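Reviewing the structure listed below.
None of the values given here were measured: they were computed from a predicted structure.
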Amino acid sequence: MMQFLSFSIGGSICGIGCRNICMPSLRITQSTRAAAPEGLKACSDDGLKKCKSANVQGTKVSKERIRKQLHKVDLSASSYDTAWVAMVPLPEFRQVPCFPECLNWIIENQHPDGSWGIHRLHPSLVKDALSSTLACVLALKRWNVGEEHVRRGLHFIGSYFSSAMDGKLHTPIGFDIIFPGMLGYAIEMGLDLPIGQNDIDAMFYLRDLELQRVTGNSFEGRKAYLAYVAEGLGKSQDWHEVMKYQRENGSLFNSPSTTAAALSHIYDAEALEYLRSLLQKFGSSVPTSYPIDIYTLLCVVDKIERLGIARHFSYEIKNVLDKIYRCWLKNDEEINTDMGTRAMAFRLLRMNGFDISSAALTQFGDSSFFFNSIQGHLKDMKTVLELYKASQIKILPMEQILDKLGSWSSNFLREELSTNSEHGLQVLSQEVDYAFKFPFYANLERLEHKNYIENFKVENFQVLKTSYTSSGVDDKDLLELALEDFNLCQSIYRKELQYIESWVKENRLDQLEFARQKQTFCYFSAAATLFSPESFDARMSWAKNGVLTTVVDDFFDHGGSREELVNLISLIEKWDENHDKQFCSEQVKIIYSAICSTINELGAKASALQKRSVTDHLVEIWLTLVKAMMKEAEWVKTKTVPTMDEYMANGYVSFALGPIILPALYFVGPEISVDAIGDPEYHNLYKLVSLCGRLLNDMQSFEREGKEGKLSSVLLRIAHGSGSTSEEEAIMEIQSIVDSSRAELLRLVLQNEGSVVPRACKDLFWKMSRILHLFYMKNDGFTSPTEMVSAVNAVIYEPLKVGHIFSLVN
């Protein structure tokens with residue numbers, strides 16, 4: 001069976017690969033099979049400590065091991081590249097090797113079967129082993145040393161030569177050009193190859209086919225690719241043209257093999273210094289690409305975030321990103337010369353609050369830049385996926401460059417998806433498909449974590465011209481921690497949802513026949529975003545108030561009489577007075593009593609955390625909501641048609657996000673000052689997310705609600721257009737408002753300078769925005785009884801599907 005293996009060009013990932021990968025056994029602990037703690041109390045206050053204690057000692061060890069290795073880049077030695085460096089002659093005396101230490105390393109690092117390479121005879125990387133072994137044989141023969149090593153290497157090549165023409169095996173970049181080229185060098189050197197002439201001719205034929213195929217691609221992309229694999233072309237290559245790709249560090253494409261091959265044909269002091277600097281840093285061998293430190297660190301941070309375990313390493317991640325940001329400001333060549341690295345740096349830095357301008361991606365807005373590169377020549381889906389992800393992090397209306405980038409990158413990826421079966425990119429295609437199905441702004445964190453965990457590949461190596469490892473962090477450690485963490489949290493979610501359901505019954509909310517019973521969806525939206533065990537109080541506040549606002553919304557829509565609505569508002573206004581005999585109906589009593597007890601409970605907890613009384617603020621939030629709902633109800637009853645401005649000014653409040661988001665801010669950690677609550681930033685965050693919610697809801701429900709006589713921005717746009725605005729045009733106009741409001745919301749969330757609302761609090765507004773975009777992506781997912789069921793099950797009930805991972809590692 002085939003499986004994707006990622007490989008990168010100077011940092012970006014391109015990817016065709018194979019399965020059947022032999023990996024070390026994964027350490028599976030008993031707690032990987034989630035065991036739910038007894039009772040909700042086990043998940044809160046003192047009980048939270050019991051939940052934490054469920055983590056085995058091995059997980060703590062894994063955390064410490066990850067913490068120590070997270071900032072480290074540990075590049076493996078490349079037999080292939082070291083061999084090419086070993087072939088470089090002294091500039092002043094070309095009969096003597098310039099780097100004899102590389103020859104010694106080659107002799108000392110041959111495997112017992114005669115091969116060279118970090119994975120020896122890896123089932124899917126036989127071609128890699130053949131290429132590395134032939135390069136080492138050529139280096140030894142070039143200087144007439146290691147005769148026995150040469151003999152054993154040739155024996156290995158002869159034994160596995162048929163694999164070189166096996167199209168089902170993974171093919172390193174440029175193999176069909178480089179390997180035949182090395183065979184030609186071997187023949188010129190007089191090596192007695194244990195290979196039949198027909199097989200050699202077949203390899204030369206494959207090279208000719210590859211060169212013919214290459215000529216049909218973009219001229220600039222082809223030139224760059226042929227320069228990158230120039231060691232396979234030898235004297236037929238114009239080496240002066242190749243040197244035009246030299247970078248500031250003296251290398252060609254950050255590739256020691258390409259740089260060394262050039263030095264075997266023409267002298268260049270900077271290229272020679274590049275190789276010398278590598279040997280000073282790495283000893284007697286070289287990696288297959290250098291530098292790739294920034295890309296490696298970005299990949300580790302990205303993995304950790306997508307696995308849902310970033311909160312365990314916040315300090316280390318901040319240090320890594322601080323370092324990368326300094327490189328960004330200095331226009332570091334590694335970032336500037338690679339599209340994938342720059343796109344990932346842009347995304348991770350911007351989302352972590354660094355001031356990053358989209359101008360850095362300007363040249364990528366035109367697809368020709370990509371197609372004129374090596375990545376474009378290789379149709380590098382991974383690089384384009386990174387560009388697509390970066391295009392979604394839009395925070396300003398004038399960032400048209402991100403729109404252009406998103407347009408061509410999405411088109412490219414969709415086209416490549418349609419030809420997936422031809423390329424065997426199943427795993428990468430799954431990632432692309434997920435990115436389209438759940439855009440960045442409509443993807444809940446816990447859903448993303450679960451998807452990434454279930455599709456995670458425990459592969460500690462990548463492939464360029466040869467295989468290599470780069471990160472000090474072991475993928476197995478990351479996966480183990482993610483499994484442990486997700487399963488522990490999921491067991492907590494199930495208990496908390498049981499508590500919410502019992503709370504609904506205790507407050508008799510289930511007896512209100514007019515009210516939608518949405519406690520599962522309300523709790524799901526909390527658990528999918530406020531997912532850590534420590535966020536118990538925030539989840540409870542979010543979920544309870546979500547249930548209550550749904551009940552109150554239905555009450556004002558159709559469940560209550562005008563007398564009952566006025567009675568409820570009056571009770572909330574007279575909060576401190578005795579209300580035992582002031583209920584005009586049992587319905588009002590149930591609703592008010594639930595609101596009252598919830599506000600008092602949350603107010604007491606929040607006041608203790610904030611070290612000041614906040615209960616009055618919670619009452620004010622609710623009072624503002626019910627008054628806005630009352631105004632909307634009166635418009636409907638009197639058949640008043642408000643202006644769009646009037647509708648929007650009231651509608652963002654009546655959408656009822658206030659009681660859900662705003663009280664939860666008190667429970668996410670930081671203390672929030674009274675000044676921050678009164679600051680325009682606080683209000684703008686609330687208004688923007690509420691506008692998005694109101695308009696998204698309107699676009700999905702206007703037909704149904706129009707029949708019920710309810711107001712909607714879509715219908716108002718059409719009504720105030722005096723017949724000149726069609727339904728389609730009205731929806732397009734409203735979608736434009738949603739898009740701009742979402743971008744402005746994200747800008748405020750990510751903004752550091754001049755911000756008075758703590759980032760942890762601002763994040764809740766963005767989390768709610770993502771929930772809203774997911775719920776209203778196709779229809780009114782909140783009202784629909786089935787639309788969100790699969791998402792709810794994925795986060796709360798269904799265990800991780802990781803059997804395929806265990807079958808691969810065992």
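There is a side-chain donor-acceptor pair under 3.5 Å between E632 and S654. Q498 and R494 share no side-chain donor-acceptor pair at under 3.5 Å. Side chains of S755 and E681: a donor on one and an acceptor on the other come within 3.5 Å. If you check the side chains of D739 and Q735, you find a donor sitting under 3.5 Å from an acceptor.
Remark: aromatic rings of Y666 and W542 are distant, center separation not under 6.0 Å. In this structure, Y592 has its ring center closer than 6.0 angstrom to the ring center of W575. Taking the six-membered ring for Trp, F765 and Y686 have ring centres at least 6.0 Å apart.
Two residues are said to be in side-chain contact when any heavy atoms from C-beta on lie closer than 4.5 Å; L488 and S491 meet this criterion. Proximity of L497 to Y797: side-chain heavy atoms (C-beta onward) are separated by under 4.5 Å at one or more points. Looking at heavy atoms from C-beta onward, P439 lies in side-chain contact with M777 at the 4.5 angstrom threshold. Annotation: side chain of M540 is in contact with side chain of F536 (closest heavy-atom distance under 4.5 Å). Y776 is not listed as a side-chain neighbour of M699, based on a closest heavy-atom distance of 4.5 Å or more. Proximity of I304 to H312: side-chain heavy atoms (C-beta onward) are nowhere separated by under 4.5 Å. Annotation: side chain of S593 is not in contact with side chain of N507 (no heavy-atom distance under 4.5 Å).
Taking every heavy atom of both residues into account, I500 and A543 meet most closely at CD1-CB, 4.0 Å. R539 and S532 get closest at one heavy-atom pair: NH1-O, 2.5 Å. Scanning both residues, R747 and E744, for their nearest heavy atoms gives NH2-OE2, 2.7 Å. The two residues P642 and L716 come nearest to each other via the heavy atoms O-CD2, 3.6 Å. Closest non-hydrogen pair, V551 versus A515, comes out as CG2-CB, 4.1 Å. Considering all non-hydrogen atoms of both residues, G603 and V614 come closest at O-CG2, 4.1 Å.
Listed by first then second residue, pairs satisfying ring pair (Phe, Tyr, Trp, His ring centres under 6.0 Å) with a partner in residues 594-616 number zero, not counting sequence neighbours.
Tested against D485, the residues K450, K63, R446 include a single salt bridge (Lys or Arg N to Asp or Glu O under 4.0 Å) partner, R446. A side chain to side chain contact (heavy atoms under 4.5 Å, CB included) with I660 is found for one member of T550, T549, L764 and no other, namely T549.
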(request) Take L746 and K394 through the test side chain to side chain contact (heavy atoms under 4.5 Å, CB included) and record every step on the way to the result. (result) CA-CA 8 Å; L746 184 57; K394 186 177 180 180; over 6 Å; no
From CA spacing to verdict: salt bridge (Lys or Arg N to Asp or Glu O under 4.0 Å), E448, K437: CA-CA 11 Å; E448 181 178 19; K437 185 178 180 181; over 6 Å; no
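Classification of R350 and D355 as a salt-bridged pair fails, no side-chain N sitting under 4.0 Å from a carboxylate O.
Relative to the ring axis of Y441, R742 places its NZ or CZ within 45° and under 6.0 Å from the centre.
Annotation: side-chain hydrogen bond (donor to acceptor under 3.5 Å, both in side chains) contacts of D763 (sequence neighbours excluded): R759.
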